[in-house]
Amino acid sequence: MSVETPPGRRPITSYDQIDLSDWDFWARPMAEREHAFELLRGRETPVFFAEPELSFAPPGEGYHAIVRHADVLAISRNPEVFSSGEGGATNIADMPAEFAEYFGSMINMDDPRHARLRRIVSRAFTPKMIQKFEEDVRTAAARIVDELLEKGPGCDFVTEVAARLPLKIICDMMGIPEKDYGYVFDRSNVILGASDPEYVPSGDQDEIVSALLTAGMELQQLVQDLAAFRAENPTGDLTSSLVNANVDGERLTMQELGSFFILLVVAGNETTRNAISQGLLLLTRNPAEKARWLSDVEGHAPKAVEEIVRLASPVNYMRRKVTRDIELNGTTYHKGEKTVLYYWSANRDAAVFADPYRFDITRDPNPHVGFGGPGPHFCLGAHLARREITLMFRELLHRVPRIEAGRPQRLFSSFINGVKHLPCDF
């Protein structure tokens with residue numbers, strides 16, 4: 001794998017030059033990051049890093065970077081030892097108390113509270129329920145491609161195609177009117193892109209925190225206002241179901257509903273749009289695989305979608321905190337220590353995936369962790385995400401087979417492997 005280093009920046013040649021807590025690392029080209037994680041996977045035990053310094057969180061004692069597929073699986077299968085609830089799963093530093101009101105969703109919880117919330121909301125995401133949304137997704141994908149063809153080449157594939165489908169489906173599921181789509185889109189961008197100067201221009205940590213909390217508050221208020229109305233005027237949308245749900249005597253509180261909505265729009269919207277965007281990049285850079293998929297669009301779709309999710313790995317990591325001493329795969333983890341599970345790295349582990357950097361739409365088996373590792377925190381919306389990606393590419397390959405991606409503008413983030421903008425031609 002060739003690695004090109006911009007002038008003035010030292011190339012990474014050994015693991016001791018790597019600092020995953022340094023923002024400069026996440027500004028490096030993708031090939032350099034791939035090389036760095038390859039070096040980390042070559043170590044016998046996970047490397048321990050100091051935590052990033054943040055003005056809004058107490059300094060932590062560091063974390064083990066879990067970069068190998070086998071270690072991600074082992075930790076994911078031990079949720080009672082590797083906790084999501086002690087300080088939160090979506091950030092390396094412990095989550096400040098004021099964040100919990102908006103971002104304290106079930107992804108940042110352990111059982112039994114996690115199980116309670118998941119039990120209430122999971123009925124909307126079963127394969128049977130996803131089938132009910134199939135026609136809505138199909139119709140939305142067709143309309144998006146209609147409008148793409150009307151506008152012609154040269155548009156931004158992210159904003160005109162990839163972002164629109166999951167945003168519409170999630171908002172429609174919740175009963176959010178079309179006039180509020182842009183409002184939801186902008187605030188979800190801030191939540192996952194607050195470190196990117198496009199969304200918080202100053203880069204000041206206090207301003208980043210303020211932007212995050214404001215975006216969370218506004219999204220929560222939007223759904224809570226709708227939920228209050230749906231409690232008295234229910235329809236067939238998900239908000240009506242959730243606000244009136246009674247599972248074994250349990251109901252969601254308004255705060256829980258608001259946090260779940262934030263999780264839904266952020267996890268379901270941002271991650272699926274990045275998978276679709278990076279899917280077009282992969283097809284553009286691998287014309288032989290694109291030709292193969294075009295030869296049998298329906299037949300190749302299931303494996304092609306899994307391969308897109310593997311290489312896109314929209315969520316770079318999740319964090320866990322150790323609740324008791326344990327030894328796994330030759331490494332001892334002590335109570336109170338943190339582990340950060342790098343799914344993006346695990347999905348490029350040569351011990352599991354032959355020729356791991358190659359895009360192969362027939363790859364089988366493909367035990368990727370693009371939807372998280374096994375266990376209670378496996379992505380609740382995985383079935384819906386697969387259908388959205390499948391139906392979007394079905395429309396594109398049938399109707400715009402010559403579409404190609406230009407040079408991507410990547411999101412500056414250590415948490416999300418994102419594409420902000422992507423010119424396309426056809």
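Ile18 is listed as a side-chain neighbour of Ile12, based on a closest heavy-atom distance under 4.5 Å. With a 4.5 Å cut-off on side-chain heavy atoms, Thr272 and Met392 do not count as touching. The shortest distance between side-chain heavy atoms of Pro423 and Cys155 does not fall below 4.5 Å. In this structure, the side chains of Leu148 and Asp146 stay at 4.5 Å or more apart for every pair of heavy atoms. In this structure, the side chains of Val67 and Pro46 stay at 4.5 Å or more apart for every pair of heavy atoms.
Summarising the geometry of Ser105 relative to Ser259, their closest heavy-atom pair is CB-O, 3.6 Å, with the distance given to 0.1 Å. Scanning all heavy atoms of the two residues, the minimum distance from Asp360 to Glu307 falls at N-OE2, 2.9 Å. Considering all non-hydrogen atoms of both residues, Phe378 and Arg118 come closest at O-NH2, 2.8 Å. Across every non-hydrogen atom of Pro79 and Asp110, the tightest pair is O-OD1, 4.5 Å. In this structure, Asn91 and Arg319 approach most closely via the heavy-atom pair O-CD, 3.2 Å. When every heavy atom of Leu328 is checked against every heavy atom of Ile75, the shortest pair comes out as CD1-CG1, 4.0 Å.
Side-chain atoms of Arg310 come within 3.5 Å of backbone atoms of Asn347 as a donor-acceptor pair (strictly under, hydrogens ignored). Asn274 places no side-chain N or O within donor-acceptor distance of the main-chain N or O of Pro314, the cut-off being under 3.5 Å. Ser277 contributes a side-chain N or O that, together with a main-chain N or O of Arg273, makes up a donor-acceptor pair within less than 3.5 Å. Checking side-chain atoms of Trp26 against main-chain N and O of Leu20 turns up a donor-acceptor pair under 3.5 Å. Under the 3.5 Å distance criterion, the side-chain polar atoms of Asn78 are left unmatched by any main-chain donor or acceptor of Phe82. Counting only distance, with no hydrogens or angles, the side chain of Ser21 and the backbone of Ala50 share a donor-acceptor pair below 3.5 Å. The backbone N or O of Val145 lies less than 3.5 Å from no partner atom in the side chain of Glu395, so there is not a single donor-acceptor pair. Here the side chain of Arg33 pairs a donor or acceptor atom with the backbone of Arg28 at under 3.5 angstrom. A donor-acceptor contact shorter than 3.5 Å links the side chain of Asn108 to the backbone of Phe103. No donor-acceptor pair closer than 3.5 Å links the side chain of Asn286 to the backbone N or O of Ala288.
Only one option out of Glu86, Glu61, Glu51 pairs with Lys338 in a salt bridge (charged side-chain N to carboxylate O under 4.0 Å, His left out); it is Glu51. When each of Leu219, Leu213, Val265 is paired with Ile191, the side chain to side chain contact (heavy atoms under 4.5 Å, CB included) condition holds for Leu219 and for no other.
Ionic pairing of Glu306 and Arg363 is not present here: no N-O contact between side-chain nitrogen and carboxylate oxygen is shorter than 4.0 angstrom. Salt-bridge annotation for Arg143 and Glu147: present, with a side-chain N of the basic residue lying under 4.0 Å from a carboxylate O of the acidic one. Between Lys321 and Glu337 no salt bridge is recorded (no basic side-chain N to carboxylate O distance below 4.0 Å). Using a cutoff of 4.0 Å between basic side-chain nitrogens and carboxylate oxygens, Arg402 and Asp425 are not scored as salt-bridged.
Using cut-offs of 30° and 60° for the angle between ring planes, the His377 and His114 rings count as tilted.
Residues Tyr15 and Glu38 have side chains that never bring a donor and an acceptor to within less than 3.5 angstrom of each other. Side-chain contact check for Asp237 and Ser240: at least one donor-acceptor pair (N or O, by modelled atom type) lies under 3.5 Å. When only modelled atom types and interatomic distance are considered, Glu298 and His398 share a side-chain donor-acceptor pair under 3.5 Å. Between the side chains of Asn417 and Ser313, not a single donor N or O lies within less than 3.5 Å of an accepting N or O. A donor and an acceptor atom, one from each side chain of Ser83 and Arg320, are nowhere located under 3.5 Å apart.
A distance of 11.5 Å separates CD1 of Ile107 from CZ of Phe260, quoted to the nearest 0.5 Å. Once rounded to the nearest 0.5 Å, the distance linking CZ of Phe185 with CG of Asp180 reads 15.0 Å. Expressed to the nearest 0.5 Å, how far CD1 of Ile144 lies from CD1 of Ile276 amounts to 8.0 Å. Distance check: Arg113 CZ to Leu117 CG gives 6.0 Å after rounding to the nearest 0.5 Å. A distance of 3.5 Å separates CE of Met174 from OG1 of Thr239, quoted to the nearest 0.5 Å. We find the CG-CG distance between Asn269 and Leu167 to be 5.0 Å, quoted to the nearest 0.5 Å.
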Run the ring pair (Phe, Tyr, Trp, His ring centres under 6.0 Å) test on His368 and His69 for me, step by step, so that the C-alpha distance in whole Å, both residues' side-chain angles and the decisive distance to 0.1 Å come before the verdict. CA-CA 9 Å; His368 68 78; His69 191 274; 9.3 Å; no
Please walk me through it: do Ser76 and Val72 pass side-chain contact (heavy atoms from CB on, under 4.5 Å)? CA-CA 6 Å; Ser76 299; Val72 169; 4.0 Å; yes
Please lay out, stage by stage, how Phe393 and Val297 fare under the test side-chain contact (heavy atoms from CB on, under 4.5 Å). CA-CA 9 Å; Phe393 278 105; Val297 174; over 6 Å; no
For His300 and Glu289, run side chain to side chain donor-acceptor pair (under 3.5 Å): C-alpha distance rounded to whole Å, both residues' side-chain angles, the deciding distance at 0.1 Å, then the answer. CA-CA 10 Å; His300 286 308; Glu289 291 305 289; over 6 Å; no
Test salt bridge (charged side-chain N to carboxylate O under 4.0 Å, His left out) applied to Glu34 and Arg348, step by step: CA-CA 8 Å; Glu34 287 180 335; Arg348 289 158 172 75; 3.5 Å; yes
Stepwise side-chain contact (heavy atoms from CB on, under 4.5 Å) check, His421 with Phe157: CA-CA 7 Å; His421 304 291; Phe157 184 79; over 6 Å; no
Where do Thr13 and Gln17 land on the side chain to side chain donor-acceptor pair (under 3.5 Å) test, with the steps shown first? CA-CA 7 Å; Thr13 57; Gln17 294 173 280; 2.7 Å; yes
List the steps, then state whether side-chain contact (heavy atoms from CB on, under 4.5 Å) holds for Leu252 with Val121. CA-CA 9 Å; Leu252 289 178; Val121 302; 4.1 Å; yes
What donor-acceptor contacts under 3.5 angstrom involve side-chain atoms of residues 404-416, with partners at least two apart or in another chain?
residue : atom : partner : partner atom : Å
Ser413  : OG   : Phe415  : N            : 3.0
Ser413  : OG   : Ile416  : N            : 3.0

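Annotation: ring-ring contact (aromatic ring centres under 6.0 Å, His included) contacts of His64 (sequence neighbours excluded): Phe48, Tyr333. Shown here are the ring-ring contact (aromatic ring centres under 6.0 Å, His included) partners of Phe49, two or more places apart in sequence or in another chain: Tyr63.
Cation-pi contact between Arg387 and Phe133: absent, since separation from the ring centre below 6.0 Å together with deviation from the ring axis within 45° is not met.
By the neighbour-count criterion of 12 heavy atoms within 6.0 Å, atom CD of Glu135 is densely surrounded, having more than that number from other residues, nucleotides or ligands.
Separation of the Tyr317 and Tyr343 ring centroids does not fall under the 6.0 Å cut-off.
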